[in-house]
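First up is the structure itself, then whatever we jot down about it.
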Protein chains: 2
Amino acid sequence: MRIALAAVTASMMTPLVALAQTAQPAVVEDFRPSPLNQPGQPYPQVNSQGYARFRITAPDAKAVKVSLGLGGRGGTVLTKGPDGVWTGTSEGPLDQGFHYYHLTVDGGTFNDPGTLNFYGSTRWESGIEIPAHDADFYALKDVPHGRVEQILFSSPSTGTQRRAFVYTPPGYDRNMRDRYPVLYLQHGWGEDETAWSNQGHANLIMDNLIAAGKTRPFLIVMTYGMTNDIRPGAPGGLASFDIRPFQTVLLDELIPYVDGHYRTLSDQRHRAMAGLSMGGFETKLIAPKHLDRFAYIGLLSGGTMSLDDVKATPGYRDKVKLTFVSFGSRELEGGRSGPPGGPRSDPRANAQALTAAGIKNMFFVSPDTGHEFQTWRRSLQAMAPLLFRD
Amino acid sequence: MRIALAAVTASMMTPLVALAQTAQPAVVEDFRPSPLNQPGQPYPQVNSQGYARFRITAPDAKAVKVSLGLGGRGGTVLTKGPDGVWTGTSEGPLDQGFHYYHLTVDGGTFNDPGTLNFYGSTRWESGIEIPAHDADFYALKDVPHGRVEQILFSSPSTGTQRRAFVYTPPGYDRNMRDRYPVLYLQHGWGEDETAWSNQGHANLIMDNLIAAGKTRPFLIVMTYGMTNDIRPGAPGGLASFDIRPFQTVLLDELIPYVDGHYRTLSDQRHRAMAGLSMGGFETKLIAPKHLDRFAYIGLLSGGTMSLDDVKATPGYRDKVKLTFVSFGSRELEGGRSGPPGGPRSDPRANAQALTAAGIKNMFFVSPDTGHEFQTWRRSLQAMAPLLFRD
């Protein structure tokens, strides 16, 4: 009701602008602050169609641009009003879910002071949320909540005290005799151990699944995958990434710490590893070579598992209880099937080949999303109920 | 040695500039990245004298300024070099410890893309750390570490799911029969529940104290004090702040949740409340009126406790095991003794009057610091060993 009224008002007020845009429907003037704005900040805003509107105060600036907009068009160029405030609306609707962005102000890169920051692209970037039709599964609801616990563990191999976050499910603090399976869940390139909680809402996804009785409660451990030394376009590309330092931290330091300080089920069939994008690449490099440790493998927009991969891995058929592979539908358009530099074989065909060969697997596609966190939120929601059932 | 050499080099290279500054000693060219920089970011930098140097890329900007500099001089004005990069050094050394700041770029307020952000002034601000001579007490060391646990608790009074952080000391996860005292620790105006961990390093202060056997292990609970609706200069000022909504959340919702989900000692003599600045104001409003709940009271740059206050509070002498009051030495200069709008009576004289009257208390002054986090880090270090000893 409110949307329809607003639309009429907008079309009455700006008919020429609406006509000039032709191909796009009229922008509905029901903009509301993005759910990720800093407390009390009215901008950026998002409307019911998924358009984003930005507002930046910089009265003496010559040019202000937002990196977010329509693919390939270089973002949203803001226009200065008589009050010295720069405003602009994305040229079209953005995909539902979370997007990173930043501002370019007179040639410098800054964050939007209106929004919260999220670690991506090896820096704390601005974030905006286009409310999704299925946002309920990661909403903060009045259900029992687990915790996200920051731990600091000693890492002799790197000579540092390292950080990880551990999701413990509701009830972990009370059911003192219960022990829990563990999922080791990796972020992507440019991100760090904060991503799955901040951008991904992994804790809320689990809280809601558990409240609905849809998944077995388990721990999720998230640490920095040491991915950010390799940058796209660097000599050697992704192939030159050395997995060994992180593998040592994970297998020899973090897993023993977690099993020593949490009530875990520490046998192979109660440990999973998964990751998004480069975190999936890491998962594929580590888990199949250590099937004495991992029984579940998840690649989220992070490559695929082919029948050749499986055949080349002794024990895969018996030891791996599930191979989960997912992508956003937009990643599969044009034949793209993974992170830059990753394998380009058809992931759906690979999954079908695994199924035909009797290899337990699940192939999941997130509708109308790309290489972004909405794909990975949905992937976690789809994957969690399938873990630790054997 | 390295410092002396660098000083010679600097004075040889820029003798005229050094002479022009006259009153200040020559700036020693041993600048290093601030410990709070984002990963891989070389700027801002700090030298051994406490000078800060900034470097901002914004080639088309007309003016770039940093809010941090010398008191009352309006910050540090940056100068554009031929490469389009703006640089500048603070006019003098800054106090040791943590400082908030932001940039003004062509009239707009932005954060420095080089640093991490910290919630203060009701927004995520840039932060810089001037390494302190006593930084060891909050350093990340190879000692057993506690956790900082994010909990989400249901708040019927506000109709929300609210967040708190709980520090659990090392050993909490193993000593399953032990129960622990709890300190409820509040941030200041403009900050939130993240401040004591991010800016204050409360967890590392406790880890180090516990490793040295200097304090009894206890929990620290940090939540948002709902302080930010009242702004300095607002009608009514601090006096118009309504403590009741937060008092309800704290007493009726958070404390029962914590006592229900952690192994606490939940009697009066094992519960403390303290806060910095406006959090001290909140502590003084809540704790003395609820001495059935709190046995320890800490006011950190947040007002004082006078003998009149004590006499006006039934049971104070018997029930309060310690009143801890602290300030930074610079706050006591010129007679200032608390947050804006707060009580102006002499805190040292008040403490002496309490002592003379046999009221257990401790008055602590942080040397050469002001209304900033270095004062409060030191205050926590001084206060923690005095808690829960009766």
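It should be emphasised that the depicted structure is a prediction, and the values quoted were computed from it without experimental measurement. In what follows, chains carry the letters A, B, and so on, assigned in the order in which the sequence lines appear, proteins first and then strands, with residues in each chain numbered from 1.
With respect to B:H201, the ring pair (Phe, Tyr, Trp, His ring centres under 6.0 Å) criterion is satisfied by exactly one of B:F137, B:F98, B:Y138, B:W196: B:Y138. A ring pair (Phe, Tyr, Trp, His ring centres under 6.0 Å) with A:Y101 is found for exactly one of A:F54, A:F118, A:F110, namely A:F54.
The closest donor-acceptor contact from the side chain of A:N208 to the backbone of A:L204 lies under 3.5 Å.
A cation-pi arrangement is present between A:R263 and A:Y172 under the rule of less than 6.0 angstrom and at most 45 degrees off the ring axis. A cation-pi arrangement is absent between B:R147 and A:F153 under the rule of less than 6.0 angstrom and at most 45 degrees off the ring axis.
Residue B:D112: no heavy atom, backbone or side chain, is found under 4.5 Å from chain A. Of the two parts of B:Y119, only the side chain, counted from C-beta on, holds a non-hydrogen atom closer than 4.5 Å to a non-hydrogen atom of chain A. With a 4.5 Å cut-off on non-hydrogen atoms, A:N203 touches chain B through its side chain but not through its backbone. Contacts of B:Q38 with chain A are made by side-chain atoms alone, with heavy-atom separations under 4.5 Å and no backbone atom involved. Of the two parts of B:N117, only the side chain, counted from C-beta on, holds a non-hydrogen atom closer than 4.5 Å to a non-hydrogen atom of chain A. Only the side chain of B:Y257 comes within contact range of chain A, judged by heavy atoms closer than 4.5 Å.
Between chain A and the residues B:T160, B:N111, B:V105, the largest count of heavy-atom pairs under 4.5 Å involves B:V105. Between chain A and the options B:R123, B:R174, B:Q41, heavy-atom pairs under 4.5 Å are most frequent for B:R174. Most heavy-atom pairs under 4.5 Å with chain B: of the set A:F165, A:W124, A:W86, this distinction falls to A:W124. Interface summary for chain A: among B:T57, B:T104, B:D142, B:I151, the most heavy-atom pairs under 4.5 angstrom belong to B:D142.
Here the shortest heavy-atom pairing between A:K62 and A:D106 reads N-OD1, 2.7 Å.
Side chain to side chain, A:Q161 and B:H145 meet the donor-acceptor criterion of an N or O pair below 3.5 Å.
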